[in-house]
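Encoded as structure tokens, the structure appears first; notes follow it.
Chain identifiers are assigned alphabetically (A, B, ...) following the order of the sequence lines, protein sequences preceding nucleic acid strands; residue numbering begins at 1 within each chain. Because only heavy atoms are used, hydrogens play no part in the values below, and waters and symmetry mates are left out as well, while side chains stay in.
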Amino acid sequence: MDKNFTPAQVEEKIYDFWEKNGLFESHVNKGKKPFCIILPPPNANANLHLGHAMYVYEDVMIRYHRLLGDEVLWLPGADHAGFETQYVFEKNLQKDGKSRFDYDRETLFKMIWKFVMSNKGNMEKQLRRLGFALDWKKQRFTMDKAVVKIVHETFKKLYEKDLVYRAVRLVNYCTFCGTAFSDLEVVHKEKVSPLYYMKYGPFVLATTRPETKFGDTGLAVNPKDKRYQKWIGKEIEAEGLLGKFRIKVVGDDSVDPKFGTGVVKVTPAHDFTDFETGKRHNLPLKQVIGYDGKLNHLTGPYQGLYVNQARKKIVEDLKAKGLLDKIDEGYQNRVGTCYKCGRTIEPLPLEQWYVKVKPLADKAKEAVEKGDIKIYPKRFKKILLWWLNNFRDWNISRQVVWGIRIPAYYCRSKAKSQKSKEWFVSVDRPEKCQICGGQDFEQDTDTFDTWFSSGQWPFATLQTNSKELFDYFYPTSVMETGYDILPWWVARMIMLGIFSTGKVPFKNVFLHGIVRDKNGKKMSKSKGNVINPIEMIDKYGADAFRASLMFGVKEGADLSLSDERVVGMRNFANKIWNIGRFLEISQKSKFKSQNNKPKVKIINDLGKEFELEQKKYKKYMDSYQFSKALGSVYEFLWHRYADYYLEQLKEEVLNGKIEVLDSLKKVYFENLRLLHPFMPFLTETIWQVFHGKDSSILAV
RNA sequence: GGACUCGUAGCUCAGCGGCUUAGAGCGCUUCAUUGACAUUGAAGAGGUCACAGGUUCAAAUCCUGUCGGGUCCACCA
């Protein structure tokens, strides 16, 4: 053995050895206890980041259970990540001076497919570098034909059970990204928005969005507000920028008499609250802003202006016409922005597919409350239940090319004759219209929200492998992922999993924290504090890097990563290596006969202490306290075994007391097995030094 | 406005189903060392456990409040 452990020399070889010998593979084995984790599929559009490295928690569980002798499956995969990927791809196009509008749908799709496939390969290589014991033969991609089929079937089943519907509502639309989003993709930001007090006939009313005034179809006051009661139900006449207009006044409880002047303009097509108010009072929807973010033909001279330009111009014109009462410049409110590009979200009316969430959430809630699914750390249970209680219906339509196209169709000839589309849902493209016999179908051009497909991941991956595999491993044992996607992914997997299979998708949820920089700051490209996991592996080895993500970290808490942390673990790895080296050198040395008695008591103490360590370790591992498990091995091997016992027994071993050496070796090997889930490359390398190149610590 | 979380050694953090001198990693100080390892060993310095009350024989640990970070959610136009 060399003086130091050099990870770069062994990691690739060892991983190949594992993979070639099928040590990560799993089979249906009724005689053994199944243990299964589905890897959260990384997006196939970029390199792995530290969030993915945190899946090391899964590898720890997987390898631990393999060593326990369970039948273990860790199933890898990749997510096409619809909008996200298209966004990344468009950024690349931009560098070449192109945009998505330069290509037709099919060409664009093909280009992205190619892009994704090359990224996917790269991503898989990187997962291997982390040492993950994944069963590659069973890997899946969310765009695999068989997976897509399942997604289609789920959609159809939801539709048939009346849990999916199509409706015109206001959606969260990003006019830059060109698509609608679900509520979760909207980030509310605190902003200073001037509050404009405009004159509306006999009233003055306050608004932050004067440019939507052309879409006003009513005014609202609180019915209890004595100042305005007499106007309720009447139409008023007012002077506007496009001349005189008449507008109806309604009474609505949602109006706060203390805000502004107590009078609100109702713009049902461009404000979520107003949309609801409008519905209550039958006010028409008048859309004056287009999906391109510009004012439309209903706005006279303002047509063609972007919202911000229009606002400026309109305020000027209002002033000029004496229609502006005052401006409160310091007003603060929260504005919805696009989580991706950061621009203001425009609420716009659009017809979309919605999942009726409540019935699904109720079942999910029951499963969580009953304990069919356990959540670790337990504080997240409350948060999950909060979400399940507060989800609104889920818009799953995305105006994006890259994704699973929604299998909904309408018959063109029928649509023409009836002037309205009647949608129907079909897993495969229909051949003939069942009503008019027509064959000219138009498929919905939208694709599914990525989370709609990834929400089906646990059962889709298993079912597309084989029925036997599904029956054996489902519900899976643990879902391990970052707490930041609890509502996006975990909650939806539970809802869709129960809906589709009648069973929970996993029995336990373990959530890890976010990796931050050494000062506890969030990593971001703009701050320049992003750490690349692969670079850390190159520098210190995969084992040291992996251990540094867990050592001394409370489960579910955020982690501050620094080089110093990894160095500490690199040193630990080297220490373990050198214990092995010492034992190896000792066993090679010639044994001289000895007269003095071996130090029996110390050896017995070592044995006892090891037993205690083993018990602690097991307790920690079985209760998801992996950091403590690692800590107990660290403490024992370094500070007890090496610093104390080895120092005491060193001379005897070097002088050839073979029974002492054997006891030391026994405890050492056992500890290698305890450490293996955390530091697989190191422990396997040492194992093979003592047990032969063809042996594996995993195959004992 | 609601919820969650954190405030412990110079730094990053454990400990928090109450009980001995409050811990780790890194950093720092002194010493040691030519055959396991300087990616080492030994010894050590360093903390009013944010603050104020309360419960208790006993609190960093439980409760209440205050201050200060962080995060998530929320249709105040």
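Applying the Watson-Crick and G-U wobble criteria (two distances, each under 3.5 Å), B/U56 pairs with nothing in any strand. Pair assignment for B/G7 gives B/C67, based on Watson-Crick or G-U wobble hydrogen-bonding distances that are each under 3.5 Å. Of all nucleotides present, only B/C13 satisfies the Watson-Crick or G-U wobble test against B/G23, with each distance under 3.5 Å. As the counterpart of B/C37, no nucleotide is assigned, since no Watson-Crick or G-U wobble pattern has both distances under 3.5 Å. Both distances falling under 3.5 Å, in either a Watson-Crick or a G-U wobble arrangement, place B/A42 opposite B/U30. Nucleotide B/C49: unpaired (no Watson-Crick or G-U wobble partner with both distances less than 3.5 Å).
In this structure, A/K265 reaches neither bases nor backbone, as no heavy-atom distance under 4.0 Å exists between it and the strands shown. Within 4.0 Å of A/E584, counting heavy atoms only, lies no atom of the nucleic acid at all. Counting any heavy atom pair closer than 4.0 Å across all strands shown, A/Y634 reaches sugar-phosphate atoms only and no base atom. Residue contacts for A/D484: at a heavy-atom cut-off of 4.0 Å it reaches no nucleic acid atom on any strand shown. Using a 4.0 Å heavy-atom distance criterion, A/H639 is classed as a sugar-phosphate-only contact. A/V266 comes within 4.0 angstrom of nothing in the nucleic acid, heavy atoms only. Counting any heavy atom pair closer than 4.0 Å across all strands shown, A/G552 reaches sugar-phosphate atoms only and no base atom.
In summary, the side chains of A/S524 and A/K522 do not present any donor paired with an acceptor at a separation below 3.5 Å, with no hydrogens or angles considered. In this structure, a donor-acceptor pair under 3.5 Å is absent between the side chains of A/S632 and A/E635. A donor atom on one side chain and an acceptor atom on the other are not found under 3.5 Å apart for A/N395 and A/D449. Residues A/Y645 and A/D605 have side chains that never bring a donor and an acceptor to within less than 3.5 angstrom of each other. Side-chain atoms of A/E480 and A/H512 include a donor-acceptor pair closer than 3.5 Å. Checked by atom type, the side-chain pair A/Y483/A/D558 shows a donor-acceptor distance below 3.5 Å. A/S623 and A/K628 share no side-chain donor-acceptor pair at under 3.5 Å.
Comparing the same atom, C1', in B/U8 and in B/A60 gives a spacing of 7 Å after rounding to whole Å. Comparing B/G27 with B/A45, their C1' atoms are spaced 13 Å from each other, to the whole Å. Annotation: B/G44 and B/G23 have their P atoms spaced 13 Å apart (nearest Å). B/C63 and B/G1 are spaced 24 Å apart, taking the P atom of each and rounding to whole Å. Spacing of P atoms, B/G18 relative to B/A58, comes out at 15 Å, to the nearest Å. B/G68 and B/C26 are spaced 26 Å apart, taking the C1' atom of each and rounding to whole Å.
Closest non-hydrogen pair, A/L170 versus A/P347, comes out as CD1-CB, 4.1 Å.
Listed by chain and residue number, nothing satisfies the ring pair (Phe, Tyr, Trp, His ring centres under 6.0 Å) test with A/Y617 (two or more places apart in sequence, or in another chain).
A/M679 places its CE atom 17 Å from the P atom of B/U39, with the value rounded to the nearest Å. Here the C1' atom of nucleotide B/C13 and the NZ atom of A/K554 are 11 Å apart, to the nearest Å. Atom C1' of nucleotide B/C26 and atom CG of A/L561 are separated by 13 Å, given to the nearest angstrom. We find that CE of A/M550 is positioned 14 Å from P of B/A14, with the value rounded to whole Å. At whole-Å resolution of the value, CD in A/E635 and P in B/A24 are 9 Å apart. A straight line from CZ of A/F5 to P of B/U40 spans 16 Å, rounded to a whole angstrom. Atom-to-atom, CD1 of A/I686 to C1' of B/A36 comes out at 12 Å; the value is rounded to the nearest Å. Residue A/K518 contributes atom NZ, which lies 11 Å from atom P of B/U12 at whole-angstrom precision.
Under 4.0 angstrom from either OP1 or OP2 of B/U39 there lies no side-chain N or O belonging to A/K3.
Residue order along RNA chain B, read from the 5' end via each residue's closest nucleotide, puts A/W638 first among A/W638 and A/D274.
Counting heavy atoms from C-beta on, the side chains of A/L205 and A/V264 never come closer than 4.5 Å.
Under a 3.5 Å cut-off, the side chain of A/R565 and the backbone N or O of A/S548 do form a donor-acceptor pair.
Base orientation for B/G35: syn, the chi torsion being within 90° of 0.
Side-chain atoms of A/Q625 and base atoms of B/A14 include no donor and acceptor less than 3.5 Å apart.
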The contact string for nucleotides 69-76 of chain B, one letter per nucleotide 5' to 3', using protein heavy atoms under 4.0 Å with B, S and - for base, sugar-phosphate only and none, comes out as -S--SBBB
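Ring-plane geometry between A/Y634 and A/H639 is classed as perpendicular, the angle between the planes exceeding 60 degrees on a 0 to 90 degree scale with a lower cut at 30.
Of all the residues in residues 562-583 of chain A, A/E564, A/R570, A/N571, A/N574, A/K575, A/N578, A/I579, A/R581, A/F582 reach under 4.0 Å from RNA chain B with at least one non-hydrogen atom.
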